[in-house]
4 protein chains.
Amino acid sequence: MSKSSQTGDEDRRTGPKRSEASRIAVQQAAIVELNEHGWRGFSVDRVAKRAKASKQTIYKWWQGPALLAVEAVLDTLPEIVEEDGNPEFKVAALISPLIAAMRNGDGAHIWRGVLLAAADDPDASEVFREWMHRDIRQPLRHVLAREANLGHIRRDWEIDFALELLVGPIWQRLLGMRGPIPERYAERLAESVMAYHYKDAPKG
Amino acid sequence: MSKSSQTGDEDRRTGPKRSEASRIAVQQAAIVELNEHGWRGFSVDRVAKRAKASKQTIYKWWQGPALLAVEAVLDTLPEIVEEDGNPEFKVAALISPLIAAMRNGDGAHIWRGVLLAAADDPDASEVFREWMHRDIRQPLRHVLAREANLGHIRRDWEIDFALELLVGPIWQRLLGMRGPIPERYAERLAESVMAYHYKDAPKG
Amino acid sequence: MSKSSQTGDEDRRTGPKRSEASRIAVQQAAIVELNEHGWRGFSVDRVAKRAKASKQTIYKWWQGPALLAVEAVLDTLPEIVEEDGNPEFKVAALISPLIAAMRNGDGAHIWRGVLLAAADDPDASEVFREWMHRDIRQPLRHVLAREANLGHIRRDWEIDFALELLVGPIWQRLLGMRGPIPERYAERLAESVMAYHYKDAPKG
Amino acid sequence: MSKSSQTGDEDRRTGPKRSEASRIAVQQAAIVELNEHGWRGFSVDRVAKRAKASKQTIYKWWQGPALLAVEAVLDTLPEIVEEDGNPEFKVAALISPLIAAMRNGDGAHIWRGVLLAAADDPDASEVFREWMHRDIRQPLRHVLAREANLGHIRRDWEIDFALELLVGPIWQRLLGMRGPIPERYAERLAESVMAYHYKDAPKG
DNA sequence: AGATAAACGAGACGGTACGTCACGTCTTAGG
DNA sequence: CCTAAGACGTGACGTACCGTCTCGTTTATCT
């Protein structure tokens, strides 16, 4: 669960705790709504009605529709696991859960919504950026740093560019949205990142 | 000017013509509004008020806020010009007007709005996609096809992937939006496309 | 035809005359529209479209929708004819064309619209009032003045009250509008006027 | 208060009640607007602005501008009180609150608006008709029925006609609207009703 | 026979209001 | 104190009509 949906304080003393049932109902409803109406038609009122929750409760735990949508979907991603293999494979592994999610039925539609929600709202954007930083950029830096021939890729802007090469094309796919995501898409993106960086690598 | 804001028929015989002054006022107002309030706060009412136009007129010529925003900005892009030079340079030239626009003052903010507007609405998305197809994908295909070592890049999905590698990272930049777009960005994207495709190229 | 739809000047020198065909088409269309949509939904745009006339033409000859509606209907009333008979009969004759019109198919609906149109707009109201003055109040005054026993009914407010007794109930019918106008309605109204005034008459 | 502005259910259990302050502010604003702009210029937007209420709230409790106007004014009428005296006086008493309201400053203007609003809209018309039925027609029937010499006035259409004689002239006054309502107007109308019906009465 | 001018169809335009929808805040009552 | 239910002010949506205006065509009368 992301930060903003946590209580944060541990010394709360009285009254009932936050209802987990309510949280789950709201997030599930949010995903269904995002799928059925897209980000454009996403509405807190409808989520509340569907989840049989009150708007007050939603606004208490989420700052607004954008954060609600973004967190609801991000919370469904699996934990990141360190994979073994050659660096290309490791890089591909960073985005393959994302790509798997998008291939899964309405996944593309939903993730499109997330992207838009994140872009619409500064706070949601921040949450999204943090997720990407933690779950993709950080591991990516590790892989690149440890890889013998790419040890020279260290500076922030270099990592940023690698990240852009890795995930940017996914957004283009998502926004253009023609047909399903092809096979081996993650692998090809990883190859592209590698190809760009190896060209500067010291030959050996 | 994009398709939907043209009359299309040349044999209309009577009645006043579409007011060019009104069209320009509306599109300029739209850009200002997009800059000041972002896509989230973009409102036809305000555009109308600022342009001293009536909502009815706007809705007559544009289907809604999304198309209004997208066209207003796309119409400001310069015509595409064929450039000379090596293939990498030619590819970079395809996106450098876009990148130049984004570097220009509020450009990034505005283009972010365009991207969101296009993603929010199917029709705006279509207009945006057509623009990209015509102004970027088509020339890209030409460059790749003529380039000796890349003549094997022919199939649609190959072009699509090259396109994704070329523009995807820009969207990631735009959505993440930290700091300005670095120097030689277009060139680096072009290099990345080339690096990926040359790796499959028959060695010569 | 009422005043405002006449040209008024005889020294026009050049150009075509007012098109009678257009005038008729517009007035007929107006009546149909008044019937189909009531006064609430009466729209110059639709009248113009139905009559294949241009709005400009309509606004040239009529000041606005209210006058258009009122005149269109008033122009369908027959000329007033002096009738013979006892005073009660003569009084009834003053309103029987009106009542006949209201009984005629959609007449009630249409006249309801006229009443509303007249009340909505000062100019239309004036036209309506003039019609009533000329076609009902004036003849009514004559009848009352000539009738032996009612010669004492002379002052303006007395005539006005008689007029109110005579036509007021019709408006109440029109606004309440339950069921058709009963038989002998005009006669009963005339009786009521007489009954009220005879009670003050010098016995003889 | 009229029917449509009541909640109707008494077993609602949770949530805020309807705000009485808002209801009052809206109805008062409605009356002021009706007075200043007449029915023609009556606009929900302006009422909302003046009452510092939201359009949504207004549309929640009133079906539209017509019902808003009609109810706002009808709600200002005093309760009906049974009066003592001869039948003529009793009949006059039925309409004297109405006539008093019309004499009161801008009353005529406002009531004119009510009449038009009621005529413009079927639902408003129904509310108006119900009010008239309950507050005028019903008591009128009682008075006529109990009066020795008029016991023969029983059938619906007879009552209806009496009602038309009684209130119709008021509408004619309201629509023609020249000068103030004269003195003893209610009494004269009552006399007229009586005069008409006594003429058929069995001589005693 | 032009030239002149008005009438006319079509319809674009700036406005204002309509009736609906969503946001985010606030109020009430139940657990 | 958390929650469901939902009323409320704010403001945008997309549509309809008003009354003015500009086009280009079609008559009539005047030179």
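Heavy atoms only: backbone and side chains are in, while hydrogens, waters and symmetry mates are out. Chain letters run A, B, ... following the sequence lines, proteins first and then strands; every chain starts at 1.
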What verdict does the side-chain contact (heavy atoms from CB on, under 4.5 Å) test give for D:F128 and C:L175, after you've listed the backbone C-alpha separation in whole Å, the side-chain angles of each residue and the deciding distance to 0.1 Å? CA-CA 10 Å; D:F128 189 72; C:L175 299 176; over 6 Å; no
Step by step, work out the side-chain contact (heavy atoms from CB on, under 4.5 Å) result for C:V47 and C:F42.
CA-CA 8 Å; C:V47 170; C:F42 188 82; 3.8 Å; yes
With side-chain contact (heavy atoms from CB on, under 4.5 Å) as the test, would you mind laying out the steps for C:L34 and C:V114 before giving the verdict? CA-CA 8 Å; C:L34 199 55; C:V114 171; 4.1 Å; yes
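Interface remark: the D:T14 side chain does form a donor-acceptor pair with the E:dT28 base, using a distance-only criterion of under 3.5 Å.
Screening C:R50, C:H109, C:R46 for a side chain to side chain donor-acceptor pair (under 3.5 Å) with C:E36, the sole residue that qualifies is C:R50.
Within the 4.0 Å cut-off from OP1 or OP2 of E:dA12, not a single side-chain nitrogen or oxygen of B:W61 is found. Between D:K17 and F:dA7 there is no side-chain N or O to OP1 or OP2 distance below 4.0 Å. Taking only side-chain nitrogens and oxygens, B:T57 comes nearer than 4.0 Å to OP1 or OP2 of E:dG14.
Between the CH2 atom of B:W62 and the P atom of F:dA12 there is a distance of 19 Å, rounded to whole Å. Separating the CZ atom of B:R18 from the C1' atom of E:dG14 is a distance of 15 Å, rounded to the nearest angstrom. In this structure, the CZ atom of B:R23 is 19 Å from the C1' atom of E:dG14, given to the nearest Å. Between B:E33 atom CD and F:dG11 atom C1' the separation is 14 Å, expressed in whole Å. We find that NE2 of A:H37 is positioned 13 Å from C1' of E:dA22, with the value rounded to whole Å. The interatomic distance linking A:I58 (CD1) with E:dA22 (P) rounds to 14 Å, in whole Å. Atom CG of A:L68 and atom C1' of E:dG24 are 14 Å apart (whole Å). A straight line from CD of C:E20 to P of F:dT27 spans 17 Å, rounded to a whole angstrom.
Nearest to the side-chain atoms of B:S22 among the listed nucleotides E:dC8, E:dG14, E:dA12 stands E:dG14.
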A correct 5'-to-3' footprint of nucleotides 15-20 of chain E, with B, S and - meaning base, sugar-phosphate only and no protein heavy atom under 4.0 Å, is B-SBBB
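Closest non-hydrogen pair, C:D123 versus C:D121, comes out as N-OD1, 2.9 Å.
We find the CZ-CG distance between B:R40 and A:L116 to be 12.0 Å, quoted to the nearest 0.5 Å. Within the model, atoms OG of C:S43 and CG of C:L68 stand 10.5 Å from one another, a figure rounded to the nearest 0.5 Å.
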